[in-house]
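Following: one structure in structure tokens, then a few remarks.
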Protein chains: 2
Amino acid sequence: MSIPSYQQFCPVSMAAEILGSRWTIVLLRELCAGSTRFNDLRRGVPRMSPALLSKRLKELEGHGVIERRLVRKHPDIYDYVLTKAGQELKKVVMEVGVWGQRWVESDLSLKNTDPSLLMWDMRRNLNTPKLPPRRVTIQFIFSDQKSASKNFWILHDQNNGADLCSIDPGFDVDLFVRCDLRTLTAIWMGLDRVAKAIADERMFLSGDSDLSGAMQDWLGLSPFAATPKQVA
Amino acid sequence: MSIPSYQQFCPVSMAAEILGSRWTIVLLRELCAGSTRFNDLRRGVPRMSPALLSKRLKELEGHGVIERRLVRKHPDIYDYVLTKAGQELKKVVMEVGVWGQRWVESDLSLKNTDPSLLMWDMRRNLNTPKLPPRRVTIQFIFSDQKSASKNFWILHDQNNGADLCSIDPGFDVDLFVRCDLRTLTAIWMGLDRVAKAIADERMFLSGDSDLSGAMQDWLGLSPFAATPKQVA
DNA sequence: CCGTATCCGGGGGGATACTG
DNA sequence: CAGTATCCCCCCGGATACGG
């Protein structure tokens, strides 16, 4: 997308030269969501190769969308942060997402489930004020997944925020959440509800009853969950 | 962009699968601007090959963004019109354009001037109420262009609307506009003004004095001209 | 942990010509 | 006017392995 340009002065096409290359919008979504470190970004775009990620980051830097900032006292370790121009791209990313939420069929989206990505998004959007003011450990068990993709733990306390583990951290578990991946993904996207999934016996909670009763509240949803679908 | 998917359920990436392929956003801009016929669309994306244009139109139709409608009494001739989902993409296109106008450097945009494209955009956006209520012929002469790209005529009357010609239609010319391509492009983009270009002797008007005096008014500008640049 | 280097294949898309 | 058909190159980007 760099040299073979559209050769149009129109601002739409000039912007499209920057935003239109593969993975760029998805990467920007992850940057807008707050990830700044290389490997955090990778978790948001897991199917993007590190080589391509590095290349895109350089391009975005060259276009003034992000800048690299040295992490204090770590030479050669950088944060990638949005510039003012990059901040304004949030509007574009939001409009793209809103349109996707409204007009892309649910079944199509739900064909692309990914347990790590879902958990990564969920951890970031936890509605922490609705969690009890002590350390909480919640284990998610995806009944239809195997081994490495089956179990996840979210740890939260008010000092350290939320952590995500894919190997057992060893703490006592306050709440177990068991369901298939599609169910939790649909809830996260605003297409289903915790209560309904439980009533339909597609989801099973066990452990702390306060925590299980408030799951729909502490489980923050996708930024687009409130946008109503216009198609099946 | 069709099969090799991002494999993310996120609405942003689902939408990006549809919008992210080369030329698609630029084509959508032209559709949003109102072109519906194949060759009208071509004028808005002159550097796109007809084969690719046809392919993209099919893809957009497949994604429910546009639909083909038979032109009355012409079998095999179609209008391409935005569906409801397509209409809502105007928001995306606008946000992309606004960002481009604010953050892409003027010099970069003005390296991509194109006389036919500029005239095609201008014709569409004429502020016709500011033109006199009779037939008007305006000839544009790009002093730095050669032969086929040098002269354009805009014809307007209240019955037939505005027409654009690149060969002399033969009518008496009410106003001659002479300047270089960059100057008119910059005015169109809101980066320059008619009065300033004249004062600087970068633009010369001759003919009907009412028409020349009101040029800044009847010359409609780019939809993004009112958005202020944030960078040089 | 944070990237870079290298290889390599597939296909996207540019160019051109042509048809109903 | 409204597209198709075809060729073919190039380079995007996926995969993997490796250095700092």
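Residue numbering restarts at 1 for every chain, and letters A, B, ... go by the order of the sequence lines. All values below come from the heavy atoms of this structure, side chains included, with hydrogens, waters and symmetry mates left out.
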Inset, instruction - Determine yes or no for a side-chain-to-main-chain donor-acceptor pair under 3.5 angstrom, with A/S49 supplying the side chain and A/L52 the backbone. - result: yes
Legend entry - Listed nucleotide nearest any side-chain atom of B/S54, set C/dG13, D/dG3, D/dT4: D/dT4
Inset, instruction - Take the protein atom CD of B/E17 and the nucleotide atom P of C/dG12, then report the distance between them rounded to whole Å. - result: 13 Å
Legend entry - A/K55 side chain near D/dG14 phosphate (N/O to OP1/OP2, under 4.0 Å): no
Inset, instruction - Is it possible for you to check whether B/R135 lies under 6.0 Å from the centre of the six-membered ring of B/F171, through NZ or CZ, and within 45° of that ring's axis? - result: yes
Inset, instruction - Report yes if a side-chain nitrogen or oxygen of B/W23 is closer than 4.0 Å to either non-bridging phosphate oxygen (OP1 or OP2) of C/dG12; otherwise report no. - result: no
Legend entry - N or O in side chain of B/Y80 less than 4.0 angstrom from D/dG3 OP1/OP2: yes
Inset, instruction - Figure out the CZ/P separation between A/R56 and C/dT4, and round it to whole Å. - result: 14 Å
Inset, instruction - Return the value, rounded to whole Å, for the distance between atom CG of A/L53 and atom P of D/dA15. - result: 15 Å
Legend entry - DNA chain D: 5'-proximal contact among A/A51 and B/I77 (nearest heavy atom): B/I77
Legend entry - Heavy-atom side-chain contact between A/S166 and A/N151 under 4.5 Å: no
Legend entry - Gap between atoms CZ and P, on A/R43 and C/dC2 respectively (whole Å): 12 Å
Legend entry - Rounded interatomic separation in angstrom, taking CG from B/L41 and P from D/dA2: 10 Å
Legend entry - d(CG, A/L52; C1', C/dG9) in whole Å: 16 Å
Inset, instruction - Test side chain to side chain contact (heavy atoms under 4.5 Å, CB included) on B/R124 and B/L164 and set out the steps. - result: CA-CA 9 Å; B/R124 173 161 59 209; B/L164 173 64; over 6 Å; no
Inset, instruction - Report yes if at least one side-chain N or O of A/K58 is closer than 4.0 Å to OP1 or OP2 of C/dT4; otherwise report no. - result: yes
Inset, instruction - Would you mind telling me which residue lines up with the more 5' stretch of DNA chain D, B/N39 or B/S49, judged by nearest nucleotide? - result: B/N39
Inset, instruction - In whole angstrom, give the distance that lies between atom CZ of B/R42 and atom P of D/dA2. - result: 11 Å
Inset, instruction - Using only side-chain N and O atoms of A/R22, determine if any of them is under 4.0 Å from OP1 or OP2 of D/dG14. - result: yes
Legend entry - Between B/T24 and B/R56, a side-chain donor and acceptor under 3.5 Å: yes
Legend entry - Euclidean distance, atom CD of residue B/Q7 to atom P of D/dG14 [Å, nearest integer]: 11 Å
Legend entry - Given DNA chain C, 5'-ward residue of the pair A/Y78 and B/M48, judged by closest heavy atom: A/Y78
